[in-house]
> 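Just passing along the structure, written as structure tokens.
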Amino acid sequence: MSSKVIKIGSVIACIIVILVCSAYYTGHISTAVYNIRSRYPAMEVEDCSARITDTTPEGYYVNYYGDVEDFSEMEVVEVTLLLSNHTNNTASIRDFWTYYNDAEGYHLYEMEEDTENLAVSNYENRKIIPPGEQASLKEYVLVPRGMHEIMVKTDNMESFTITF
């Protein structure tokens, strides 16, 4: 009789351990998915415009990686993206990424803002978009002189072409 009680007890203990582990695992996975979705909510580009600027914007620089041979043969294009937050969570413009290429698919350099001398560190790109609202994002891209079209790919795999 005692061996039968031990067997039943061990089966019940195994079932309890399995239930506790599956509940923990399910909770852990749902929390991880929630954290990913709430930290990087999907924003969509509603509108986009681009124009060639006369001068390099103040406070911006090029993080040079070696592809460009002569920066004097380059122009600066100001790209303005109108972003919409279609989620029920707030979204930060800082979490939105874009990649710029020319017509042949070569990467174009995005100018970066020098945040060391700002009174409020990188304030413009800390914009928070409330649920259902829109905000604009300005980026500066180096293009070869005479180029009038760039291809844009966003972090949510949306692709389109801008003509300026």
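Computed over heavy atoms, backbone and side chain alike; hydrogens, waters and symmetry mates excluded. Numbering of residues begins at 1 and proceeds along the displayed sequence.
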> Does any non-hydrogen side-chain atom of Glu44 lie less than 4.5 Å from one of Glu46?
yes

> Check whether any side-chain heavy atom of Cys48 lies under 4.5 Å from a side-chain heavy atom of Val79, and answer yes or no.
yes

> Are any non-hydrogen side-chain atoms of Met74 and Pro144 less than 4.5 angstrom apart?
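When only atoms from C-beta onward are counted, Pro144 and Met74 do touch, with a gap below 4.5 Å.
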
> Evaluate the side-chain proximity of Thr98 to Val45: yes if any heavy-atom separation is below 4.5 Å, no if none is.
no

> For Val76, is there any backbone N or O sitting under 3.5 Å from a side-chain donor or acceptor partner on Thr53?
yes

> Could you check whether any side-chain heavy atom of Thr80 comes within less than 4.5 Å of a side-chain heavy atom of Leu137, counting everything from C-beta outward?
no

> For Ile52 and Met147, work out which heavy atoms get closest and say how close.
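In this case the closest contact between Ile52 and Met147 is CD1-O, 4.5 Å.
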
> Which pair of heavy atoms, one from Met111 and one from Pro57, lies closest together, and at what distance?
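Result for this residue pair: SD-CD, 4.4 Å.
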
> Hydrophobic clustering (ILVMFWY, side-chain heavy atoms < 4.5 Å, transitive) - are Ile162 and Leu83 grouped together?
yes

> For a quick test of reading the model, state the closest non-hydrogen atom pair linking Ser22 to Leu19 and the distance between them.
OG-O, 3.0 Å

> Within the 3.5 Å criterion, strictly below it, is a donor on Tyr100 or Glu139 matched to an acceptor on the partner's side chain?
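Side-chain D/A pair, Tyr100 to Glu139: present.
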
> Assess the residue pair Phe160 and Thr154 against the criterion (side chain to side chain contact (heavy atoms under 4.5 Å, CB included)); give the C-alpha distance rounded to whole Å, side-chain angles, the decisive distance to 0.1 Å, and a yes or no.
CA-CA 9 Å; Phe160 52 91; Thr154 63; 4.2 Å; yes

> Closest approach of Glu75 and Gly146, non-hydrogen atoms and distance?
OE1-N, 3.6 Å

> Please report the C-alpha distance between Phe164 and Arg51 in whole Å, then the side-chain angles of each, then the deciding distance to 0.1 Å, and finally whether the side chain to side chain contact (heavy atoms under 4.5 Å, CB included) criterion is met.
CA-CA 6 Å; Phe164 47 92; Arg51 67 178 184 88; 5.6 Å; no

> Which atom names give the shortest non-hydrogen contact between Val143 and Leu108, and what distance separates them?
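For Val143 versus Leu108, the nearest heavy atoms are CG1-CD1, 3.9 Å.
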
